[in-house]
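Have a look at the structure below, then the notes.
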Protein chains: 2
Amino acid sequence: MRSENETFIEAARRAQLAECAVDVIAEAGIGKASMARIAERAGVSVGVISYHFGNKAGLISAVVEQVAKTAVALMEPQIVAQPTAAQGLRTLITSNLDFMKQHPNALRALLEIIRADDGVYAAQGAQAISDVEKVLHWGQHTGEFGAFDTRVMATTIRAAIDAVPLLLSRDEDLDLTAYGEELAGLFDRATRKESH
Amino acid sequence: MRSENETFIEAARRAQLAECAVDVIAEAGIGKASMARIAERAGVSVGVISYHFGNKAGLISAVVEQVAKTAVALMEPQIVAQPTAAQGLRTLITSNLDFMKQHPNALRALLEIIRADDGVYAAQGAQAISDVEKVLHWGQHTGEFGAFDTRVMATTIRAAIDAVPLLLSRDEDLDLTAYGEELAGLFDRATRKESH
DNA sequence: TCGTTTTCTGAACGCACGTTCAAAATTTAA
DNA sequence: TTAAATTTTGAACGTGCGTTCAGAAAACGA
C-alpha cells in the first residue's frame with residue numbers, strides 16, 4: 001500500500017483477499033462478512049486487509065470493481081454481436097446465467113453488496129438496468145419489440161436474473177442452462193410485438 | 001408478557017412496537033434496525049421490547065406475522081373472485097401494488113426481513129412463490145396459459161413485484177397503478193398460449 | 001553480507017449491539 | 001385508601017465489530 005507501483009505481493013494479496021471476500025459474502029451474507037472472517041479465510045491477520053485496502057470499504061469497493069469488470073467483459077461482446085435485438089436480449093439473459101455458472105459466488109456477492117444497508121452502490125444497480133434498457137430500445141427501433149415501458153421491462157428482466165443466485169445457493173444442482181432458456185422464452189413473448 | 005390473557009396496554013404496545021419496527025426497518029434497512037432505534041421511535045425504553053416480545057427475534061416474528069396476515073387478507077379474496085386465470089394473475093399483480101400503496105413500508109420491511117442474513121423466513125418467500133404458482137396451474141388447466149415452467153414463471157413474477165418497494169423508496173411519486181398495469185400486460189403476454 | 005523497505009502480526013481501543021434485571025412508576029382491584 | 005400486579009426505566013454486562021499501530025518478520029537491493 002506504500003509503493004507507488006504495485007509489487008507482485010501487493011497484487012497477489014489484493015486478488016486473494018478480494019476472492020476470499022467474494023466467497024465469504026456469498027456464503028455467509030454481507031451482514032456476517034466481517035473482516036475477521038475474511039482474513040481467517042485467507043489465512044492472514046486482520047491488519048493485512050487495512051494495509052492493502054485502507055479499510056473495509058476499500059475492500060468492498062475493489063470486489064465490486066473486479067466482479068463488475070469481469071462480468072461486463074464476458075457478456076457485452078456476446079450481446080452486441082447478435083444480429084437482432086431479440087437475439088441480443090436472449091443472449092443478455094443466457095450470458096448472465098453462464099457467468100453465474102462460471103463464477104457461482106461472484107454475482108451473489110455483488111448483489112449482496114448492492115442491496116446492503118446504505119445505497120453506496122445503488123448506481124451499479126441503476127447502470128445494470130440501463131444496460132438492459134439499451135437492448136430494449138434497440139428492439140423498439142427496429143420494430144421487433146412492442147410498445148411496452150422499457151423502464152418497467154428492464155427492471156423486471158434484471159429482477160428475474162438477480163433472483164437466480166439466491167435459488168442457486170439453495171439448490172446448487174439447479175440447471176442454469178434450462179433456467180436461462182425458460183427466462184429467454186418468457187421475455188421473448190413479453191417483448192414481441194403482439195400479432196392479431 | 002406476564003398475564004395469561006392479553007391486557008389492553010399489552011395489545012396496544014405490541015401493535016405500536018411492531019408498527020415502529022416496520023417503519024425503522026423500511027427506512028433504515030434491516031441492518032440498521034436496532035432495538036435502540038425502534039424503542040427510540042416508539043418513545044420508550046429498550047427493555048420494553050424484551051418485556052413484550054421476549055427478545056428481538058420475537059419482535060421480528062410478530063412483524064412478519066402481522067404484515068403477512070394483512071397482505072393475504074387484502075389480496076387473496078380479490079384473486080379467487082376472478083372468473084379466469086388470466087384475470088386472476090392480473091389481480092394478483094395489481095392487488096400487490098395496491099397493498100404497497102396502502103402500506104408503503106409494510107412490504108418493504110417484510111422483504112428486508114426475508115432477505116436478511118439467516119434464512120429463518122425463507123419459508124415465507126417460498127410460500128409466496130407457491131401462491132403465484134397456483135394461479136399459473138389454474139390457467140394451464142383451463143388452457144388459457146401456455147406450457148411454460150410454472151416454477152420459473154412464478155419466481156419471475158414475484159421477483160418483479162418484490163423489486164417495486166425498493167423503487168418506491170427511491171421515488172415515492174412512482175405511479176404504482178401505471179406500474180401495475182404495465183406488469184400485468186407484460187406477464188399476460190408471457191403466459192398466454194402462443195397463437196400462430 | 002547488511003541496511004532498507006515492504007509486509008505481516010496480534011493486541012488494544014472505542015463503539016454499537018442484544019440482553020438482563022433491580023428498582024421505580026403506574027395501573028388495577030378490593 | 002391500600003396492597004398487589006403490571007409495566008417501564010436505564011444502567012450494566014458480554015460480545016463482536018472496524019480500526020490502529022508498535023514491533024516482528026520477510027523481501028529486496030547493493
Side-chain angles (χ1 to χ4, degrees), chain A residues 1-22 24-25 27-64 109 112-113 116-118 120-121, chain B residues 1-22 24-25 27-64 109 112-113 116-118 120-121:
Chain A
M1 206 53 180
R2 286 285 173 76
S3 61
E4 202 166 300
N5 293 336
E6 227 178 34
T7 66
F8 279 113
I9 284 186
E10 170 84 9
R13 267 274 181 267
R14 285 179 63 97
Q16 178 204 17
L17 289 171
E19 196 182 318
C20 288
V22 163
V24 171
I25 292 170
E27 289 168 17
I30 186 75
K32 296 280 179 66
S34 66
M35 292 179 71
R37 278 179 212 264
I38 296 167
E40 187 189 17
R41 166 77 60 117
V44 127
S45 276
V46 281
V48 177
I49 296 177
S50 298
Y51 177 75
H52 286 288
F53 294 97
N55 54 26
K56 191 183 185 183
L59 170 61
I60 300 298
S61 170
V63 167
V64 170
E112 285 278 333
I113 293 169
D117 309 26
D118 306 330
V120 190
Y121 293 102
Chain B
M1 204 58 180
R2 287 285 171 78
S3 60
E4 201 164 304
N5 293 337
E6 224 177 38
T7 294
F8 184 76
I9 278 186
E10 170 84 9
R13 268 273 182 267
R14 284 179 64 94
Q16 177 205 17
L17 289 171
E19 195 182 319
C20 288
V22 163
V24 172
I25 292 170
E27 290 168 15
I30 186 75
K32 297 280 180 66
S34 66
M35 294 179 70
R37 278 178 212 265
I38 294 168
E40 187 190 17
R41 167 77 60 121
V44 127
S45 276
V46 282
V48 178
I49 295 177
S50 299
Y51 177 76
H52 286 287
F53 293 97
N55 52 27
K56 192 184 184 182
L59 170 61
I60 300 298
S61 169
V63 167
V64 170
E112 286 277 334
I113 292 169
D117 309 26
D118 307 331
V120 191
Y121 293 102

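What you see below is based on every heavy atom in this structure, not just the backbone, and it leaves out hydrogens, waters and symmetry mates. Every chain is numbered from 1, with letters handed out A, B, ... down the list of sequences.
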Next item on the list: Please check the phosphate of D:dT8 (OP1 and OP2 only) for any side-chain N or O of B:His52 closer than 4.0 Å.
Entry: yes
Checklist line | Phosphate-side-chain proximity, A:Arg13 and C:dC8, N/O vs OP1/OP2 below 4.0 Å | finding: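 Looking at the OP1 and OP2 atoms of C:dC8, one of them is under 4.0 Å from a side-chain N or O of A:Arg13.
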What is the distance from [atom1] of [X] to [atom2] of [N], rounded to the nearest Å?
X	N	atom1	atom2	result
B:Leu59	C:dG18	CG	P	10 Å
A:Tyr51	C:dT5	OH	C1'	9 Å
A:Lys32	D:dG18	NZ	P	13 Å
B:Phe53	C:dG18	CZ	P	15 Å
A:Ile49	C:dT7	CD1	P	16 Å
A:Ile30	D:dC17	CD1	P	13 Å
B:Ile38	C:dC17	CD1	P	11 Å
B:Lys56	C:dT20	NZ	C1'	17 Å

Margin query: Distance check, rounded to the nearest 0.5 Å: B:Glu112 atom CD versus B:Tyr121 atom OH?
Written below: 14.5 Å
Check: What is the distance from atom CD1 of A:Ile25 to atom CD1 of A:Ile113, rounded to the nearest 0.5 Å?
Finding: 4.0 Å
Margin query: Within the structure provided, determine whether A:Gln16 and A:His52 are in side-chain contact (heavy-atom separation under 4.5 Å).
Written below: no
Next item on the list: Could you tell me, to 10°, how much the axis swings from one end of the helix from C:dT1-D:dA30 to C:dA30-D:dT1 to the other, five pairs per end?
Entry: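 For the helix from C:dT1-D:dA30 to C:dA30-D:dT1, the axes at either end differ by 10°.
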Item checked: Base-contact (B) and sugar-phosphate-only (S) positions in nucleotides 20-29 of chain D, heavy-atom cut-off under 4.0 Å, - elsewhere -> B---------
Side chain of [X] - closest among [options]:
X	options	answer
B:Val48	D:dT7, D:dT9, C:dT9	D:dT9
A:Ser34	C:dT7, D:dT8, D:dG18	D:dG18
B:Val44	D:dT9, C:dT19, C:dC8	D:dT9
B:Ser45	D:dT9, D:dT7, D:dG18	D:dT9
A:Met35	D:dT8, D:dT19, D:dC17	D:dT19

Contact summary for [X] and [Y], nearest pair of heavy atoms:
X	Y	value
A:Ala33	A:Lys56	O-NZ, 3.1 Å
B:Ala18	B:Val63	O-CG2, 3.8 Å
B:Ala109	B:Val22	CB-O, 3.7 Å

Note to self: Going by side-chain contact (heavy atoms from CB on, under 4.5 Å), name the residues that satisfy it together with A:Ala39, two or more places apart in sequence or in a different chain.
What the structure shows: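 Residues passing side-chain contact (heavy atoms from CB on, under 4.5 Å) with A:Ala39: A:Val44, A:Val46, A:Ile49.
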Checklist line | Partner residues of B:Arg37 under the side-chain hydrogen bond (donor to acceptor under 3.5 Å, both in side chains) criterion, sequence neighbours left out | finding: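 Result, side-chain hydrogen bond (donor to acceptor under 3.5 Å, both in side chains) vs B:Arg37: none returned.
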Checklist line | Contacts of A:Glu40 that satisfy side-chain hydrogen bond (donor to acceptor under 3.5 Å, both in side chains) - sequence neighbours left out | finding: none
Notebook entry, point to check: For atom CD of B:Glu27, is the number of surrounding heavy atoms from other residues, nucleotides or ligands below 6.0 Å larger than 12?
Noted result: yes
